[in-house]
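Just so it is clear, the values below take in all heavy atoms, side chains as well, and ignore hydrogens, waters and symmetry mates.
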Amino acid sequence: MSAYERHAGAPGQVKEVTSLANPLVKDIKALALKKFRDQQNAFMAEGLKLVIDALDLGWSIRTLVFAKAGRGNTAVEKIAARTVAAGGTVLEVSEKVLVAITRRDNPQMVVGVFSQKFLPLKDIRARDGDVWVALDRVRDPGNLGTVIRTVDAVGARGVILVGETTDPFSVETVRATMGSIFAVPVAKASPEAFLAWRASFPGLVAGTHLKGAVDYRSVDFSKGPVLLMMGNEQQGLPDELAASCDKLLRIPQAGRADSLNLAVATGVMLFEIRRGALKLGPEDARS
């Protein structure tokens, strides 16, 4: 039993906390470690906008933590009321506690603790126009977070994590997504389960590969769904996954660098794949 269950008391309770020794604070601090995120099936997201977006998108909030300075702030009080209504616990904490929880000297005024959510691979039914990104053994949380943010930006459908990857719900990854973790479905699978699922994928499966002979700009991505497969930061796509691609593509380069950062390469590919769907509207033109 976690401290959530032992010490939270009645659902919807509001507590004032100033001690770092408080069991609830200890449990939230522990979410910095994957072992405890997995045990509690929870993760932490920082920032008022992120918490509002998460609730708007139907994510389950367990605990809302806000700084004393937030008392009287209409937006903070509104999100606190929504947390209480959802059966979550609200903690009003001192600056010292917030610094300890976030491990940042200038923390956001609001932190939310949410239940983790993965999309089962078997539930992905790709339709015309859908784009999915499969990442093989992605190691860097910044890369993963940036890819999730980019998937959101281009209107792709989601991310499939293949093999042993970095945790999408780590503090670093969630920060790098800038809130897109709540908008982008994430699935995970072993290489074997992924390849079995890929066998029935109804569209084009394309991977980037140093041995790729096809310029990524020469491919027509407009027909049917697309599955983009991107390899590990150090090793690229393993032979087994590369062999399952319909096309192996390359991004031409002219300088001395022999490769691109994974998140940058994925971004380049996604904007090309989604080119026909991305139009500048009045708001985009102004920004």
Would you say the side chains of T165 and R139 form a donor-acceptor pair under 3.5 Å?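 Checked: T165/R139 side chains show no N/O donor-acceptor pair below 3.5 Å.
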Working for side chain to side chain donor-acceptor pair (under 3.5 Å), residues R137 and Q235: CA-CA 10 Å; R137 296 165 300 148; Q235 299 157 326; 2.8 Å; yes
Can you confirm whether [X] sits close enough to [Y] that some side-chain heavy atom of one is under 4.5 Å from a side-chain heavy atom of the other?
X: Q108; Y: L50; value: no
X: P238; Y: D136; value: yes
X: T166; Y: D140; value: no
X: R175; Y: E46; value: yes
X: P225; Y: D128; value: yes
X: R37; Y: M44; value: no

Could you tell me whether W59 and F182 have their ring centroids closer than 6.0 angstrom?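 Yes, close enough.
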So which residues get pulled into L195's cluster when ILVMFWY side chains under 4.5 Å apart are joined, directly or through others?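 L195 clusters with L119, L121, I124, W132, I160, V162, F194, W197, F201, V205, L227, M229, L237, L241.
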Geometric class of the F169/F43 ring pair [parallel <30°, tilted 30-60°, perpendicular >60°]: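 It falls in the tilted class, 30° to 60°.
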Just to verify, what does F36 make a ring pair (Phe, Tyr, Trp, His ring centres under 6.0 Å) with, not counting sequence neighbours?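 Per chain and number, F36 pairs via ring pair (Phe, Tyr, Trp, His ring centres under 6.0 Å) with no residue.
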Do the side chains of V97 and V99 join up, straight or via other hydrophobic residues, at under 4.5 Å, putting them in one cluster?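 No, V97 and V99 fall in different hydrophobic clusters.
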